[in-house]
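Because the structure is a prediction, the values reported are computed rather than measured. Quick note: residue numbers are just sequence positions, from 1.
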Amino acid sequence: MHLKKYLLKGLHRLQKGPGYPYKELLVWYCDNTNTHGPKRIIGEGPKKKAMWFVLPLLAPPLVCWQGGLFIKPSLNWEVSVSLSIGFKTMDFPAVTICNASPFQYSKVQHLLKDLDALMEAVLGRILGPELSQVNATTALNLSIWHPTPLVFINEQNPHHPVVLDLFEDNFNGSASSSPAPGRPCSAHRCKVAMRLCSHNGTTCTFRNFRSATQAVTEWYTLQATNIFAQVPTQELVAMGYPAERLILACLFGAEPCNYRNFTPIFHPDYGNCYIFNWGMTEKVLPSANPGTEFGLKLILDMGQEDYVPFLTSTAGARLMLHEPRSYPFIKEEGIYAMAGMETSIGVLVDKLQRKGEPYSQCTKNGPDVPIQNLYSSYNTTYSIQACIRSCFQEHMIRECVCGHYLYPLPDKKKYCNNQEFPDWAHCYSALRISMAQRETCIYACKESCNDTQYKMTISMAVWPSEASEDWIFHVLSQARDQSSNITLSRKGIVKLNIYFQEFNYRTIEESAANNIVCLLSNLGGQFGFWMGGSVLCLIEFGEIIIDFVWITIIKLVALAQSVRQTRAQARYGGPPPTVAELVEAHTNFGFQPDSATPGPDVEAYPHEQNPPIPGTPPPNYDSLRLQPLDVIESDSEGDAI
């Protein structure tokens with residue numbers, strides 16, 4: 001009952017409206033608002049009134065413009081970068097060391113015998129073109145040569161270049177004439193290129209080189225890849241440099257260490273590599289203090305006398321500092337340490353913390369990356385390098401039906417080789433230079449949200465000195481070979497010092513460029529600057545908007561009711577009966593309306609019949625009963641409605 005009463009009162013209030021028209025509502029708002037400007041409109045002369053009417057109209061667009069500039073960074077998910085410097089005891093980085101030569105030549109010579117003989121003949125043809133090609137090809141295994149031979153391209157006539165195979169009298173791939181007699185083509189006259197063919201030689205491309213040295217190195221590496229891809233990994237490990245031969249001495253801080261403190265890993269480019277402080281099976285070692293005496297000291301023997309002559313042209317150690325429990329991509333991120341030198345590496349740490357979705361396309365250990373991580377078998381953390389190489393291997397397997405030797409293989413797949421996949425070199429070369437493949441992999445792979453980078457300061461000095469060379473090599477030879485003779489030489493010895501320069505570390509952190517607190521503060525400042533208002537002023541403005549809408553709705557409803565009543569009255573020909581006539585009709589059974597005086601529309605209805613005589617209505621018995629006061633009030637309010 002009470003709910004009905006309140007609903008009736010509310011409906012009555014809605015029908016009444018604010019109780020004043022538009023003009024009075026505007027005057028009331030200008031006189032009572034806390035916003036600067038509107039009060040001057042009703043309290044000034046005509047000129048100032050016009051000026052103060054225009055100024056408040058210009059302020060809201062300016063506020064909206066400035067507000068849009070502040071809201072845009074939030075909608076674009078922009079970030080700001082903050083740099084902070086901290087100081088604490090830090091974990092020592094993982095250190096990966098490799099020999100520049102992946103294998104010992106004495107152990108792989110039987111695999112490379114035919115390839116080396118062919119390589120010597122190629123060098124003889126390039127360096128001495130006057131040699132007989134028949135003699136150069138004697139006892140050579142040309143089955144290695146034919147799938148991807150090196151050729152000379154004579155471009156003396158740019159419109160008709162001549163292609164000449166090194167081991168054939170004349171291979172004319174795209175020209176119509178042969179070189180002139182007595183003017184043989186050589187490296188200084190012609191370009192050296194590698195011919196890559198597919199579909200049984202029907203489709204060929206040429207990979208040009210500016211330098212003959214680069215050409216023969218790339219060709220030899222490609223052929224060696226074909227050979228090593230057919231050898232099981234266990235045999236390749238046995239052909240590399242063992243840890244006990246590579247690592248002569250080790251010292252971490254004040255604690256001695258040896259090759260057993262290193263974790264072996266096989267890398268296709270560098271053979272056997274060894275990782276100190278990887279943290280896979282043991283606890284990560286902290287650094288006690290910054291400085292050389294608290295770092296890692298190593299003496300390495302590269303065994304340069306047993307390098308593969310055509311596969312490796314660099315002597316020294318390849319090393320990389322990386323985060324523990326991460327895979328070392330030493331070919332892309334590593335550095336060389338020269339033989340016969342002492343290399344000191346001072347380390348500074350940068351920690352990167354990126355915000356994730358939707359601010360940046362970073363991932364936490366790669367669960368949302370659509371590329372299968374082929375390096376997950378090493379149980380290492382995610383990195384964008386692992387993703388890009390896994391993506392390339394995925395494209396390689398899809399396009400070339402086999403995987404490249406330099407990258408891990410998925411299950412039930414094979415590495416490429418000339419015997420089973422004769423077209424793989426042509427396919428690999430095309431995929432290697434494909435921009436579409438690169439863009440696809442870069443788009444699919446994501447950066448890691450948390451990353452640690454090691455900034456290195458490198459210095460070098462000759463080691464050992466001439467004065468100490470004799471006794472140092474005697475001691476090292478005795479420790480390794482138990483020999484009183486010197487079995488080491490300066491050409492293969494590398495000394496490394498790796499240490500923290502200081503315990504200060506930098507944290508580079510991304511944060512939202514505009515959070516909700518800053519956004520509200522900026523918007524409030526602009527609103528106060530241009531209009532002198534606050535949140536309460538916005539509420540006042542919202543109130544007057546509601547009143548305007550309210551008055552408009554009531555006027556529209558009243559207009560609709562007026563139109564409806566006008567249409568209802570148009571149905572009747574004469575005027576409506578008066579109250580006296582209605583009362584007389586209910587009290588006098590024989591009452592007839594006065595028809596002596598015809599109205600203006602009598603002639604319009606000549607055949608209209610007289611209405612029936614109304615009878616006496618039944619009595620209203622409820623009028624004789626006592627009713628509660630609240631019912632009477634509600635009925636009266638309903639009548640008023």
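- When the side chain to side chain donor-acceptor pair (under 3.5 Å) test is applied to Arg438, no partner is found at least two apart in sequence or on another chain.
- Across the pair Cys387 and Cys445, the gap between the SG atoms, which is the quantity tested here, stays under 2.5 Å.
- For the pair Arg389 and Tyr407, the cation does not sit on the ring face, since its NZ or CZ is not both under 6.0 Å from the ring centre and inside 45° of the axis.
- The main-chain N or O of His474 is never found under 3.5 Å from a side-chain atom of Ser477 such that the two would form a donor-acceptor pair.
- In this structure, the separation between CE on Met119 and CD on Gln223 is 10.5 Å, given to the nearest 0.5 Å.
- Under the 30°/60° scheme for interplanar angles, the aromatic rings of Phe500 and Phe92 are found to stand perpendicular.
- Two residues are said to be in side-chain contact when any heavy atoms from C-beta on lie closer than 4.5 Å; Asn418 and Trp424 meet this criterion.
- In this pair, Tyr327 and Tyr375 present their aromatic rings tilted. The plane angle is within the 30 to 60° band.
- With hydrogens and angles ignored, the 3.5 Å screen pairs no side-chain donor or acceptor of Ser448 with any backbone N or O of Asp451.
- Judged purely by atom type and a 3.5 angstrom limit, Asn154 has no side-chain atom pairing as donor or acceptor with the backbone of Val162.
- Side-chain atoms of Thr312 do not come within 3.5 Å of backbone N or O of Thr314 as any donor-acceptor pair.
- For the two cysteine residues Cys449 and Cys362, the thiol sulfurs sit under 2.5 Å apart.
- Glu218 has a carboxylate O that lies under 4.0 Å from a charged side-chain N of Arg207, or vice versa, which qualifies the two as a salt bridge.
- A donor-acceptor pair is defined here as one N or O able to donate and one able to accept, closer than 3.5 Å; no such pair exists between the side chain of Trp145 and the backbone of Leu140.
- In terms of modelled atom types and a separation under 3.5 Å, the side chain of Asp114 and the main chain of Asn141 share no donor-acceptor contact.
- Distance check, rounded to the nearest 0.5 Å: CD of Glu120 to CG of Leu115 gives 10.5 Å.
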